[in-house]
Each structure stands twice: as C-alpha cells, then as structure tokens.
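One structure below.
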Protein chains: 2
Amino acid sequence: MNISQAAKMSGLPTKTVRYYADINLVQSQGRSKAGYRTYSETEVRKLIFVRRAREFDFTIEECRELLSLFEDRDRSSADVKNLATKRLKQIEKKQHELQSLHDELAHLVQACRGDHRPDCPIIDYFG
Amino acid sequence: MNISQAAKMSGLPTKTVRYYADINLVQSQGRSKAGYRTYSETEVRKLIFVRRAREFDFTIEECRELLSLFEDRDRSSADVKNLATKRLKQIEKKQHELQSLHDELAHLVQACRGDHRPDCPIIDYFG
DNA sequence: TGTTGACCTTCCCGTTAGTGGAAACATTAA
DNA sequence: TTAATGTTTCCACTAACGGGAAGGTCAACA
C-alpha cells in the first residue's frame with residue numbers, strides 16, 4: 001500500500017509517517033518503480049506501536065529502544081519494564097512539579113480581587 | 001552595569017538576557033561607547049519578573065502581555081487575574097492528562113512480571 | 001487521447017525558548 | 001605588553017514535526 005493508506009491505518013499524519021522513515025524509525029517496506037514508498041501490515045503495526053508509545057510521551061529515542069525490544073523475539077520483559085518504569089518516574093516527577101506550580105498560582109489568583117483597581121498580589125509577587 | 005551583572009542579579013543566564021533583548025522582551029537601558037549593553041535596576045526588575053513568570057510556564061508571549069500590565073500603572077487587577085486564571089486552567093488540564101497517562105502506564109508496569117521471559121503485557125498492549 | 005485532480009517525491013523554512021560555539025573587538029590586571 | 005576575561009554578532013542546533021513549493025505519477029472520465 002502507499003503512504004497515505006499506511007498513515008490512515010496507523011492513525012498518523014502522512015507527514016509523520018514520512019518523517020519516521022526519514023529518521024530511520026520505521027522504514028517503508030520498499031519503493032515502487034515510480035519511487036513511491038510501499039508499506040505492508042508489518043510496518044503499519046510498527047507505526048501503531050510508535051503512535052501508542054508517543055501518546056505516553058515516550059520520546060522518539062525511547063520509541064526506538066522500545067521498538068527494538070518489540071522486534072526482538074528474545075527480549076526479556078525486564079528490559080521493557082525498566083524502560084516503562086523510568087518513564088513512570090518521569091511522569092510522577094512532572095506531576096509533583098505541576099502540583100506546586102498549581103498551588104502557588106491558585107493561591108495568588110485567590111488572593112487577587114480582580115477588580116478595576118491596579119492593586120494585584122500576582123503582579124506584586126512577580127515584580 | 002554590564003550584561004553579566006544583570007544576568008547574575010536576575011538569576012538568568014547571560015545568553016538568555018541577550019536573547020530577551022533580541023526578541024524585544026526586555027531591552028537593555030542602552031549601549032556603552034564600545035557597544036556593550038547597559039542595564040539598570042529597572043531592567044533587572046523586569047528580568048526577574050519574566051524569570052518568575054517563566055517558572056510558572058507562562059510562554060514568552062504571555063510574559064510580554066504580563067509585562068505590559070506590569071508596566072502599566074493603570075491596569076486593572078482583573079486583567080492580570082484573567083491571564084493567571086487562564087494559565088491555571090491550562091495547568092489543571094495538563095494535570096488530568098498526566099494522571100490518566102500515569103494510571104494506564106502504572107497498570108501496565110504492575111502487570112509485567114519483569115523477568116527474563118519475553119512475555120510482556122506492555123509490549124502486548126503497544127503492539 | 002487528452003486532461004483533470006488526487007497522490008507522491010524531495011527540499012526548505014518555520015515553530016519554542018533558548019544553548020553552544022566561533023571570530024572579532026574591548027576591558028582589565030599583572 | 002601580554003594574557004585573561006567580557007562582550008559583540010552571527011550561525012547552527014535542539015524535538016517532533018507542519019506548511020508549502022516545485023515537480024513527477026497515476027487513475028478516471030469525456
């Protein structure tokens with residue numbers, strides 16, 4: 001199948017599929033006589049795999065690593081679990097950061113009267 | 001004072017201070033005869049203001065907006081509160097996203113034995 | 001057969017918010 | 001005088017694509 005068909009089946013934009021081929025993340029099966037990229041279900045499966053991993057905010061490099069585990073019939077599940085656990089820790093760290101951000105800002109917003117007068121604890125805090 | 005002094009006082013890297021001048025976010029007070037940027041406490045205050053706002057993940061454009069409110073003695077606190085509230089909503093949205101991400105991934109990690117065998121629900125889920 | 005329209009290719013530029021480095025000029029201390 | 005910083009501009013790079021141009025290909029329809 002052509003690239004747009006593979007894109008549709010994988011749920012990715014065509015541009016992205018081409019990009020993944022360019023950076024050697026998911027290569028096309030081959031090329032047609034005219035130079036069109038051709039895709040089979042194997043590549044589509046990999047594209048879907050990458051899309052799902054990206055939805056979990058795995059970076060492209062992490063996707064590359066996961067993909068090699070995915071393709072390796074002899075990988076151990078421990079390797080995969082390690083990667084996923086690492087990602088989980090990153091997410092939890094980000095959650096904590098976001099939480100303090102939220103609390104501080106919420107406190108400032110709550111303290112601000114929000115009327116026509118220029119007095120504003122938010123500006124005061126910043127400035 | 002010179003740029004590195006302003007950088008130190010504002011808590012920003014010199015490169016960033018120069019960048020903010022380039023994009024017209026915080027201009028230097030002027031230039032010395034040799035062409036060095038000069039800074040006064042006024043600019044340092046603005047730099048600190050921007051640094052704090054950036055720590056709250058306000059974008060540069062939002063900083064620009066906030067800065068104009070900051071510089072406008074006649075602004076109403078309502079304008080500032082609106083901006084901050086918008087940002088707060090964004091943060092809360094991001095928190096929800098991160099939460100479902102976390103829960104799904106945690107579930108997968110928990111379900112994975114993580115031993116030497118290749119069976120892995122994480123890979124199964126992705127692939 | 002011609003041609004229209006949809007699809008494909010490569011290439012380059014833009015995004016965010018800077019960071020890193022190079023070449024050249026300025027200032028300061030020994 | 002020389003060496004070590006400090007500063008300038010400019011250019012390239014980051015992540016992960018998206019937009020659009022210029023040109024080649026393919027299928028359908030009159």
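In what follows, chains carry the letters A, B, and so on, assigned in the order in which the sequence lines appear, proteins first and then strands, with residues in each chain numbered from 1.
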side-chain contact (heavy atoms from CB on, under 4.5 Å) with Asp22(A): which residues, sequence neighbours excluded? Arg37(A)
Once you apply a heavy-atom cut-off of 4.0 Å, does Thr14(A) come out as touching a base, just sugar-phosphate, or nothing? nothing
Touch class at under 4.0 angstrom, heavy-atom based, for Arg54(A) against every strand present: sugar-phosphate
Could you state the atom-to-atom distance from NZ of Lys8(A) to P of dA6(C) in whole Å? 14 Å
Between atom CZ in Arg51(B) and atom C1' in dG18(C), what is the gap in whole Å? 16 Å
Quick check: do Leu25(B) and Tyr19(B) have side-chain heavy atoms less than 4.5 Å from each other? no
Min and max contacting nt of DNA chain D in 5' to 3' order, chain A heavy atoms within under 4.0 angstrom, are dA16(D) to dC26(D)
Name every residue in residues 26-42 of chain A that has at least one heavy atom under 4.0 Å from any atom of DNA chain C, in order of residue number, or write none if there are no such residues. Arg31(A), Gly35(A), Tyr36(A), Arg37(A)
Which part of the nucleic acid, if any, lies within contact of Ile23(A), taking any heavy atom under 4.0 Å across all strands shown: a base, the sugar-phosphate backbone alone, or nothing? nothing
May I have the distance from Tyr19(B) (atom OH) to dG20(C) (atom P), rounded to whole angstrom? 15 Å
Can you find a pair of side-chain heavy atoms, one from Gln29(A) and one from Tyr39(A), that are under 4.5 Å apart? no
In this structure, how many angstroms lie between the C1' atom of dA26(C) and the CD1 atom of Ile3(B), rounded? 15 Å
Would you call Glu61(B) and Arg64(B) a salt bridge, using N to O less than 4.0 angstrom? yes
Any side-chain heavy atom of Leu69(A) within less than 4.5 Å of one from Leu83(A)? yes
Can you hop from Tyr36(B) to Val44(B) via hydrophobic side chains spaced under 4.5 Å? no
From CZ of Phe58(B) across to P of dT16(C) the rounded distance in Å is 18 Å
Ignoring hydrogens and angles, state whether a donor on the side chain of Gln27(A) or Glu43(A) is under 3.5 Å from an acceptor on the partner side chain. no
Derivation of the side-chain contact (heavy atoms from CB on, under 4.5 Å) call for Leu66(A) and Val50(A): CA-CA 9 Å; Leu66(A) 280 172; Val50(A) 171; over 6 Å; no
How about Asn2(B) and Thr38(B): does a side-chain donor come under 3.5 Å of a side-chain acceptor? no
Separation of Asp22(B) atom CG from dG20(C) atom P, in whole Å? 16 Å
